[in-house]
Amino acid sequence: MRKATFSIKDSEFRGSFESLSKIGVEQMADFDSISADKILTRYDIVVESSEKPEDIAEQYMPENPLLRQIAEDVMNLKFKVIEQHVQEALKTLTPEEIIENGLLAGMDIVAELYGRGIYYLPHVMVASDAMTRGTKVAEAALGGERKYKGVVMMHAAEGDPHDIGKNIAAVLLKSNGFGIIDLGKDVLVDTVVDEVVKQKPNVLTGTALMTTTMSAFPRIANRLKEHGVEVPFICAGGAVNREYVESYDMGIYSAKAAEGPGLANKALDGWDWKKIRSNWDEIINGKA
Amino acid sequence: MRKATFSIKDSEFRGSFESLSKIGVEQMADFDSISADKILTRYDIVVESSEKPEDIAEQYMPENPLLRQIAEDVMNLKFKVIEQHVQEALKTLTPEEIIENGLLAGMDIVAELYGRGIYYLPHVMVASDAMTRGTKVAEAALGGERKYKGVVMMHAAEGDPHDIGKNIAAVLLKSNGFGIIDLGKDVLVDTVVDEVVKQKPNVLTGTALMTTTMSAFPRIANRLKEHGVEVPFICAGGAVNREYVESYDMGIYSAKAAEGPGLANKALDGWDWKKIRSNWDEIINGKA
Amino acid sequence: MATTKFTKMAYDAADDLIFGEAKKPISYGLGLKVGQGLVIPEINFAPRPGSEKSPESLTKEYVDYIATDVMNRAVTLGFPSVQLENEWIFQMSNEPEKFAKPVVAGQKAVIENYHDKYGIACAVRHTCADSRLHEQGMRFGQDKTHNYPEKMIESFEVAADAGADIVSIESVGGKEISDFAVVRQDIRGWLFGIGYLGSIDMEWLWTQIVDLAKRKKVIAGGDTNCAGANTSMFMAGGYLDKDVPRTFSAVTRAIASARTLVAIECGATGPDKDCGYEGPILKAISGCPSAQEGKGAQDAHADLMGNLIAQTCDLWSNESVEYHPEFGGSSVQCWLGVIGYEAALMNASKQMKQDKVLRDIYVASDRFRSPEGFILAYDNAYKIGQAIVEVGDNYYLRAKAAGLKAAELIKESNEKGKLKLNKQEKDTLNKIITDLNSLPDEEGKFVDWALKEYKDVPAFNPKNYEL
Amino acid sequence: MATTKFTKMAYDAADDLIFGEAKKPISYGLGLKVGQGLVIPEINFAPRPGSEKSPESLTKEYVDYIATDVMNRAVTLGFPSVQLENEWIFQMSNEPEKFAKPVVAGQKAVIENYHDKYGIACAVRHTCADSRLHEQGMRFGQDKTHNYPEKMIESFEVAADAGADIVSIESVGGKEISDFAVVRQDIRGWLFGIGYLGSIDMEWLWTQIVDLAKRKKVIAGGDTNCAGANTSMFMAGGYLDKDVPRTFSAVTRAIASARTLVAIECGATGPDKDCGYEGPILKAISGCPSAQEGKGAQDAHADLMGNLIAQTCDLWSNESVEYHPEFGGSSVQCWLGVIGYEAALMNASKQMKQDKVLRDIYVASDRFRSPEGFILAYDNAYKIGQAIVEVGDNYYLRAKAAGLKAAELIKESNEKGKLKLNKQEKDTLNKIITDLNSLPDEEGKFVDWALKEYKDVPAFNPKNYEL
Ligand SMILES: [Zn+2]
Ligand SMILES: [Zn+2]
Ligand SMILES: [Zn+2]
């Protein structure tokens, strides 16, 4: 069999390389002379908002000055002074009011700014850190346990160690007033099923970054069904896609962490997984 | 909203175009000076057989000189003289012998040469035309109807007008000794089902070039099942893929027309569709 | 139905042919400027099987999923312009008002939103199906069962009224003969089917499409000999395929160009269809912009000129991909990325004033990969164009001249030792030259011979061509 | 564990950097020659979910389907060479003898057949998984439940013994800190996680891999900061994404290069991993060949430098695609076509003696598309390389220098009016410069501060880094 004559002999390569250097040709182009506008369009700059965060926030700020201060601390990432301000407010306001109308109200503003692309994710994360600090102080003053508007149980799929997506989603849900039960990462199907049956969250979430781990989700869904338990099961992560998630009962697809609160709130409104699924596009586009 | 500044003004374009012509720069490269070997490899030439068709054919030629002549006529595409040679042979040989050991034997050689890449499809088609002419003469001399080794029913899917793939496959199957019932193109599911139930072919084939027409196949399979009929159903064509075809009962995938005879012959060996399917790779690779 | 046939070249020299620029540029859609200095990606897609079960599910697929995904990704990556193409599925052609209208209107609404919000230049092409069945009849009034010729024209009306910016078709005149001929490697039959009958049918069809497009104020883009030359190219395949020799498919491509040219002669303005690989020949003759596809169309098929065919394109296409998820997003998004970045490369080369260098690197990659690409290299495409316009007034003569010129160019390069040919390719090439040269110099004699020779070809009815 | 750190550049000038050629070329596999004048496509794939249910079904998927399809398409299209890459799935890493060995051996047998029959140059890369869990322990003897550190090294043994030509990994040292930092836009934390801890872990890990590779006579290719810088880049996304500003991700990329360099300093020879976008910086410093991916990797993800990143590549990759059918064949075949033709384009430019022109067109396409691509343009990559080698002896200082240099280059171009930045990008850039400049000049002081600052980060255990 004749061998294909494709090989490059080392000497050929070195020869051509050296000759260019000998000639000393300066070949690098003058990149600054090109008009990037004729190659690409900076749509992010095209739609850059000229609105100031403070102006947008104004319409959502609480009237009560103490609550307003707390909301501003959240929005402005003032995690150092927020605890002190919460202590102040506790003198005249209930912990529930402070949490609901101060801390969570501040996060609502942050979410609004994030939705408008004025705040980026890091703002949300750090604002949430601030909110968490303030919340700890307020919760300590509660009589009993804090009542969340709902509970979301979260996990990263069995065999999957990636949890950054889950962690971001947890922060956004917490910032929206949900109680979070975080089972962690690489959580066995058995564990998820047991915990859901035991603790009865309003919503279950799962993230999977690898296609070989996402098969845990339909297994969870089927096992829950066997137990007679039905719960909206929001599935997300790089591996999953809408087609896959909608192929098993309870599966609700989510592409971005920011979609979490919108979907979970529908569960609180009494929508079962079927209703959430069939109205998915409208929910995501804010039209339902 | 600021409009993106991407538009090319007509004047800019014409300007740059004209200046090149004015300069009269002859920019077209000297393509003949490049070494294509360093860019691509002509694998077809690398493995080009140096064997002559006649030498390969020698090992398969019938001994009887009359049959040998007929086989050579097929192999050498001598459609003008083949009828005459068949008439000659009928004086001393039976029509069955002539068909089996002369005409089909010639096509076996053609198939061998085609498999080795020495003959191309057009050779096969024209050889088959020659074989068909010879066969007509021999069949006229038969006492009763010709007995084929098996019968293959073929169609192009409901809604699909493309039939070149089917036509090529039909020629190859006929050249392999099968009787063909060609239902044509854009054949209703009902018609296919009725004809299979009525005529009971050994094998059914279907081709679909468009993904919106291939859904006819599982419907045919289900309807046949309802009738209690099971037949290997070879599905092919640009639209279908193995995963899809193996998703319904009876479906046997085929990527190339040349695979048809190999698969159909297994049905004659008594293999049901399940056995053909699970041994598919081996059959295709000639190892079963 | 007189049309003005091309008897001279729009370009003075082959070297003037370049991607992103055309002698007869055109603007349409929402700010889309074709052939005016930038190459535009054209994304082409198919709905998932099952989505056609109702107009609602089909519209959701095409509008909420496909079109929205496309525009999202185009903006995300910063592509200044994009064209969407829809090749109409059976349901849309069969019941245009019910299935096609909401899709056309819905997609237009989506791109209008993105244009308004971001300023992205965009347009939608609708390629209606040629659903005519040769054996049932290809002219009005012949197919009384399905009325396919009438339905085909109706499709264009619906498309244009509902929001299409540009309409096209992949017409099938002569295919009954070319299918018969290609599997028998009969170049004379192929010439009859596509060069002659195909051209007649093109004239009948495109006169109507151009008229309709004028009335409806949409662009009549162009056609492609997908049904003929692409069948031939796909059967020829690559180095492991042994069905049709690539010298045969190369010559069929040249013949096809003489036929696809008819659309432009009827008044189509381009850009013609992405899968019309004969585009470079047409652009050389007519100066009209063209859409092409190659390495970015691997989702639909492989070819042996993945880079070369970009040489003179004004739109760069992925041919077609079924909508489904990939790791990187939906399939339409992934392939838009592939073709959009290729357009960006070509556009960047213009900024660097190195577009002709890039063009020549494209050509160098595949010039000798196959005779098919070799004859389409812009310098050879130009020569084939010249052979056509020299006898431009006669469909038969010009198609034959195109085929012979292609064969000669291949032979010349092979004899020089540059374009290598395997044994089959060589033998076939010689047979082609012999066969074509054996044909009469007069159309009438050729047609008389052909009508006798091919009278028994299944589905062939001379009445389809008014013969 | 002393390694020789780079304190000078392998190349004299940025302009000497070009695709297809490396100062330290390497040959391996079946006739594969890397960095010796030709660019090679590297096709990367994932098995379908469900195929992992048994070693037999997994082997069938990887060997009978994937590898066979790849080699068929490479020969069909005439590609002179191809490299296959396997990123090990969980089952293969967890039970290497049972699941991985037959796959490795089977694929090797397939490519050997094609090499013997056609002469195609080929090789297989196996990228073993870094399965270590930070909270369970990353050094030997720490994770007593899963023994992941030990299992990870065992994977390499099995891969090398069963037929791998080149081994690589996407290691995760420092990720617990970088994940925490990226969502908070904390560049100092990111520097600690990847620039410092990541480098320490790289040294621990790569000393062992290089030793193993020498013993087993396979190539120790290299690493990538996929776990850090790619997380940052993917979160930054494109023009519609508002999670992480692209000035932040650009600086993380520069910092990552100082960390990925450690593999080479331990003795890895390259080509390193396709998704290591920091590759151009490493090549400028070390002269070792690199694999890259961009517009051909759209199947796995989009990026804002689809053309630019080809500038200095020696292998061109598709990153990953799940095996499934497309119109054009199987997905691996379609994407091999895309990357194979791009390699052909680059190789054709060498024949035309226009490779540097093509390189510059690649760069021009995306230089100003995002700060991320801007700093990787070979001239800027070279400058970042210089900043690294200037303080090359110290992991902390060189990573900080890399980050600061990247930030300065961005700022300079923006102030000139060339690289545009949106408001977030600008504010973030200024904060980055302030933050990095506020850090101590001494590693000891930095580490003391960081250990306190990040002590509560989940899964962070200084013992993992012997601190
Ligand atoms: Zn087409
Ligand atoms: Zn796909
Ligand atoms: Zn990676």
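Quick note on labels: first sequence line is chain A, next is B, and so on, each numbered from 1. Computation of the quantities below employed the complete heavy-atom set of this structure, encompassing side-chain atoms and omitting hydrogens, waters and symmetry-equivalent molecules.
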Ordered numerically, the heavy-atom neighbours of chain D under 4.5 Å found in residues 64-72 of chain C are C/N72
Whatever's closer than 4.5 Å to a heavy atom in chain D on C/S370 counts as neither
Rounded to the nearest 0.5 Å, the CG atom of C/L345 sits from the CG atom of D/L358 at a distance of 6.5 Å
Margin query: In the structure I gave you, are the side-chain heavy atoms of C/S349 and D/Y362 within less than 4.5 Å of one another anywhere?
Written below: no
| request: Give me the ring orientation class for C/H324 and D/H324: parallel if the planes are under 30° apart, tilted from 30 to 60°, perpendicular past 60°. | output: perpendicular
The reported gap from OG in C/S331 to CD in D/Q298 (rounded to nearest 0.5 angstrom) is 13.0 Å
Answer yes or no: is there a donor N or O on one side and an acceptor on the other, between the side chain of D/D299 and the main chain of C/G328, under 3.5 Å? no
If one checks every heavy atom of C/R367 against chain D at 4.5 Å, the contacting part turns out to be neither
Per-residue tally against chain C (heavy atom, under 4.5 Å) across D/H301, D/R369, D/Q351 peaks at D/R369
Assert top hit (heavy-atom pairs under 4.5 Å, partner chain C, pool D/D303, D/D241, D/L308) equals D/D303
Turns out that what part of C/D366 lies under 4.5 Å from chain D's heavy atoms comes down to side chain
If you tally heavy-atom pairs under 4.5 Å between each of D/G306, D/G238, D/G329, D/A364 and chain C, the highest tally belongs to D/G306
Cut-off 4.5 Å, heavy atoms of chain D, and the answer for C/A46 is side chain
Given C/G294, C/A297, C/C334, C/A348, the one with more heavy-atom pairs under 4.5 angstrom with chain D than any other is C/C334
Worksheet entry | Short side-chain to backbone donor-acceptor contact, D/Y341 and C/S365, under 3.5 Å | no
Cut-off 4.5 Å, heavy atoms of chain C, and the answer for D/S320 is both
The reported gap from CE in C/M346 to CG in D/N307 (rounded to nearest 0.5 angstrom) is 9.5 Å
After noting the C-alpha distance and the side-chain angles of C/L77 and D/Y239, does the key distance pass the side chain to side chain contact (heavy atoms under 4.5 Å, CB included) rule? CA-CA 6 Å; C/L77 297 182; D/Y239 299 143; over 6 Å; no
Closest non-hydrogen contact found for D/V321 with C/F327 is C-CE1, 3.9 Å
Separation between CD1 (C/I361) and NZ (D/K350), nearest 0.5 Å, reads 10.5 Å
Bottom line for D/Q354: the part with an atom under 4.5 Å from chain C's heavy atoms is both
Output for pair (C/I339 CD1, D/K295 NZ), nearest 0.5 Å, gives 12.0 Å
So, the part of D/V363 with a heavy atom under 4.5 Å from chain C: the answer is neither
query = Do C/E326 and D/E322 have side chains that get closer than 4.5 Å, going by heavy atoms?
reply = no
